[in-house]
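All remarks here apply to the structure that follows.
So that the names make sense, note that chain A is the first sequence line, chain B the second, and so on, each numbered from 1.
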Protein chains: 2
Amino acid sequence: MGDEMTRRQVRGDLTRTEILALLGAAGPLGRAEIAHRLGLGAATVTEHTRRLLAEGFLRELPPRTSGTGRPRVPLQLVPDAAHVLGVRIAVDHLAGVVVGLDGQIVDEFRLPLRIADAPVPLLVETLLREIDARRHTTPVRGIGVAVPGMTDPESGVVRLSGIMGWRELPLGRELARRLPVPVLVDNDLRASTTAELLFGMGRERDDFLVLGIGDGLGLGVVLGRSVQCGADGSSGEFGHLPVDPAGPRCTCGNRGCLQALAGQSALVEQARRAGVSGLGEGLPGLVGAAERGEPAVLAILAEAGALLGRCVAGVVNVLAVKAVKVIGEGHVLWPFLGPSFEAAAAAGVIEPLRDPEITVAPWRDIEHARGAACLLLARGSSELKRFSSVD
Amino acid sequence: MGDEMTRRQVRGDLTRTEILALLGAAGPLGRAEIAHRLGLGAATVTEHTRRLLAEGFLRELPPRTSGTGRPRVPLQLVPDAAHVLGVRIAVDHLAGVVVGLDGQIVDEFRLPLRIADAPVPLLVETLLREIDARRHTTPVRGIGVAVPGMTDPESGVVRLSGIMGWRELPLGRELARRLPVPVLVDNDLRASTTAELLFGMGRERDDFLVLGIGDGLGLGVVLGRSVQCGADGSSGEFGHLPVDPAGPRCTCGNRGCLQALAGQSALVEQARRAGVSGLGEGLPGLVGAAERGEPAVLAILAEAGALLGRCVAGVVNVLAVKAVKVIGEGHVLWPFLGPSFEAAAAAGVIEPLRDPEITVAPWRDIEHARGAACLLLARGSSELKRFSSVD
DNA sequence: CCGGCTTTACTCGGTGCCGAAGAAAGTCGC
DNA sequence: GCGACTTTCTTCGGCACCGAGTAAAGCCGG
């Protein structure tokens, strides 16, 4: 009961981060403008910016008069005042990025690497090498790790990752013990949801959903500007929404999970069974078939889109959230899923919430790595400050 | 953006209320025990209880030694230090209660009254009479109103109430203008969810769901000890979860809403169509038929239970909430809905969340009135203190 | 060019919360 | 019966946030 404590400890930092994120996204702003946009009091902004200036994360620009009144003093981000490394774990590779305070990617890498069997030593070795390589260019002050699977961000424990074959793996603790900078671990979709909160939809909205179409289906939930984690960080399991008790068996053991009906491999399987020829391997093959106008594939995708839309509409009805962002590998299917998704989502939502805003952005798996980096940024500047760069 | 302001203003009061609620539910406790149970710091409890003692809401009992250590000073609630009136609006009647600080009902009433056409004057007249009648016994310091329909608790506007035929009705403002005590208006299910947070499940859990089976189906969502309201207070529309696009038309205009498949009137209709004889009117008739062991009815109810269970499981998967409470008129159907509900809910939930705790409590519609009263209690003691009793 | 206006920024007092340190008030061992 | 130990409660300093009041710094109109 009462996580108020934790929340409060972190809140001040979060506010400073939001200031940094805002300046990163919207360019130099006066203090009054910051206060207005973030819904903070002017006094609060004065206080925080004082600290951020002292820490070197911000600089003041010459005053700029805007018509009448005292001129504002624009504050500008110093993006290179700190860099953070984010990695996304996948089955056969690691995707990594280095971002500045503004969340912009300044460097990226991709390493073919199967870490499932010995995650800790392989990650430690790799991360140390990457940190070291950047010692003189973009020194790293923190590391975020995005895991494909159910992960508790508080404890850093990977509860369950089917793809990686992990269960109750205390990744956060083990990495923190062996790396010279702070480490945060979270589920990949929630990491990207955090990025979205800081630098994406969160710019304009306090509440939104992030639908992740990847190996599985996930749903990130942001309510009141906070990313919901649920008990043990096990929220967001959208793929295992029970849809049809008579449906096909899912990897989780249940029958008729959403994922078993509209997940990527389910779609490929359906296409194959419908006798579609020339299906290459996996997702690209499916996209190819759809682009060729293969009617069976188009029908399958349209139906899957409608199903997804209905399920999202259900969540929208319950939580009264008006915006949804779609991310993940599967976004390449969106041209074919999208129309029926949007129709179903709009139709399935009660009238006052009608026409939820649905956004799809181009996506690379590097985005999850950026999300991982944003976990650090969301924890705030003081954490970054304490740990000076490695040398 | 940033409702932090509002949240903070209200938070202190909420904490005091939680202290009062805890003492109401668990009897006299020492300060250390309060701090522990509410997850607060000891300093905070000292501060708050000082105020509550000064305001007369609490009294100290003689110190009681418990083995070793300094004896604790138990603090006892003074339940009659303030009373709050709560009413639930229904189509053909008003249900009302007066509760003390501990949320216990000290008085109740039920008035046959159709207020749909002239809600403000009828409510004002009725409430003034009820306040006046209690002037010398249990003076009323605030009023909560529970509305069957989508209602924004912030503004007090009833967005949409199909049953009452209201739309964008600024009930809160109009009542506040005409009544001598503070008035809060909210959706009925959310009101009961608030009661549950203060005096029910919230005792042990920070996150839970409240499934309301009434005229419609609603879902109250509590995350991190706060009742989720969504944009414009329009959250919780569980009944309009789109389940079957080919299903029967719902009152909301869509097809195959959960409510159109498993709502009370849908169930009655299904039973009628199945040729069940001796169906009295509405709910009691259905219960009667089920109790007679009518196989068609039992099958219908079992299927509805399973459907409800699956839908709740979906929400549980997404939000990672482990406890569900079932309330509402429809609880009388629970003996027949329950088994399949529980099975479906357990089956539809991913393994780490397996076996969500499902609780059903006996229920009278007076509970919604109590929920309405709890809206006031949740807003805190200082609001009650400011407005002395009417005289 | 000097006071009024506007907008920006800062200061100050107040609230809610915390952790750490210290005071208080008992039991217990010797 | 006196110090040690334990538990409870309070005090204190500190952080995050706010609103209101004040200072600052430019424009503008007479």
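- Phosphate contact (OP1/OP2 of C:dT11, side-chain N/O of A:R50, threshold under 4.0 Å): present.
- The side chain to side chain contact (heavy atoms under 4.5 Å, CB included) test applied to B:A372 returns B:A146, not counting sequence neighbours.
- At a threshold of 4.0 angstrom between heavy atoms, the contacts of B:V45 with the nucleic acid are absent.
- In this structure, A:R64 reaches neither bases nor backbone, as no heavy-atom distance under 4.0 Å exists between it and the strands shown.
- Applying the salt bridge (Lys or Arg N to Asp or Glu O under 4.0 Å) test to residues at least two apart or on different chains, none of the pairs has a partner in residues 61-77 of chain B.
- One interatomic measurement links the two molecules: CD1 of B:I34 to C1' of D:dT10, which rounds to 15 Å at whole-angstrom precision.
- Residue B:T44 places at least one side-chain N or O closer than 4.0 Å to OP1 or OP2 of C:dC18.
- The stretch residues 22-30 of chain B comes close to DNA chain D through B:G30, each having a heavy atom under 4.0 Å from the strand.
- When the nucleotides C:dC10, C:dC12, D:dC17 are ranked by their closest atom to the side chain of A:A43, C:dC12 comes out on top.
- Atom CG in A:L58 sits about 13 Å away from atom P in C:dA9, given to the nearest Å.
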Only distances under 3.5 Å count here; give the side-chain donor-acceptor pairs of residues 20-33 of chain A to other protein atoms, sequence neighbours excluded, each with its distance to 0.1 Å.
unit_1	atom_1	unit_2	atom_2	d
A:R31	NE	A:T49	OG1	3.4
A:R31	NH1	A:E60	OE2	3.4
A:R31	NH2	A:E60	OE2	2.8
A:E33	OE2	A:R37	NE	2.9
A:E33	OE2	A:R37	NH2	3.4

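- In this view, A:T194 satisfies the side-chain hydrogen bond (donor to acceptor under 3.5 Å, both in side chains) rule with no residue, not counting sequence neighbours.
- Regarding A:R51, its CZ atom lies at a distance of 18 Å from the C1' atom of C:dC10, rounded to whole Å.
- To the nearest angstrom, C1' of D:dC9 lies 14 Å from CD1 of B:I19.
- Phosphate contact (OP1/OP2 of D:dC17, side-chain N/O of A:H48, threshold under 4.0 Å): present.
- Note on the helix from C:dC1-D:dG30 to C:dC30-D:dG1: terminal axis deviation equals 30°, with five pairs used at each end and the result rounded to 10°.
- Side-chain proximity of A:A32 to C:dA9, C:dG16, D:dA16: nearest is C:dA9.
- Under a 3.5 Å cut-off, the side chain of B:R203 and the backbone N or O of B:L198 do form a donor-acceptor pair.
- Under the 4.5 Å side-chain criterion, counting only non-hydrogen atoms from C-beta, B:I143 is not in contact with B:V84.
- Distance CG (A:L61) to P (C:dT8): 16 Å, rounded to an integer number of Å.
- When the P atom of C:dG16 is taken as reference, atom CD of B:E18 falls 14 Å away, rounded to whole Å.
- Qualifying side chain to side chain contact (heavy atoms under 4.5 Å, CB included) partners for B:E47, counting only residues two or more places apart in sequence or in other chains: B:R50.
- When the side-chain nitrogen and oxygen atoms of A:R31 are compared with OP1 and OP2 of C:dT7, none of them lie within a distance under 4.0 Å.
- Note on B:T15: a side-chain N or O is less than 4.0 Å away from OP1 or OP2 of C:dC17.
- Screening B:R205, B:K325, B:K322 against B:E357 for a salt bridge (charged side-chain N to carboxylate O under 4.0 Å, His left out) leaves a single residue, B:R205.
- Under the side chain to side chain contact (heavy atoms under 4.5 Å, CB included) criterion, A:V78 pairs with A:R59, A:A81, not counting sequence neighbours.
- Rounded to whole angstrom, the span from the CD atom of B:E47 across to the P atom of D:dG13 amounts to 15 Å.
- Residues meeting the side-chain hydrogen bond (donor to acceptor under 3.5 Å, both in side chains) test with B:T138, sequence neighbours left out: none.
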Donor-acceptor pairs under 3.5 angstrom involving side-chain atoms of residues 181-190 of chain B: please list them, not counting sequence neighbours.
unit_1	atom_1	unit_2	atom_2	d
B:D186	OD1	B:R190	NE	3.2
B:D186	OD1	B:R190	NH2	2.9
B:N187	OD1	B:L189	N	2.9
B:N187	OD1	B:R190	N	3.0
B:N187	ND2	B:G149	O	2.9
B:R190	NH1	B:G233	O	3.0
B:R190	NH1	B:S235	OG	3.2
B:R190	NH2	B:T151	O	2.6
B:R190	NH2	B:G233	O	2.9

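- Looking at the side chain of B:R72, the nearest of the listed nucleotides D:dT8, D:dT10, C:dC10 is D:dT8.
- Every residue meeting the side chain to side chain contact (heavy atoms under 4.5 Å, CB included) condition with A:R159, not counting sequence neighbours, appears here in chain and number order: A:M150, A:D152, A:V157, A:E168, A:D232.
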Practice task
If a protein heavy atom is under 4.0 Å from the base, mark B; if only from the sugar-phosphate, S; if neither, -; do that for nucleotides 25-30 of chain C going 5' to 3'.
Solution key: BBS---

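- Taking the charged nitrogens against the carboxylate oxygens, A:E18 and A:R225 do have a contact shorter than 4.0 Å, which makes a salt bridge.
- What separates CD of B:E60 from C1' of C:dA24 is a distance of 14 Å, to the nearest Å.
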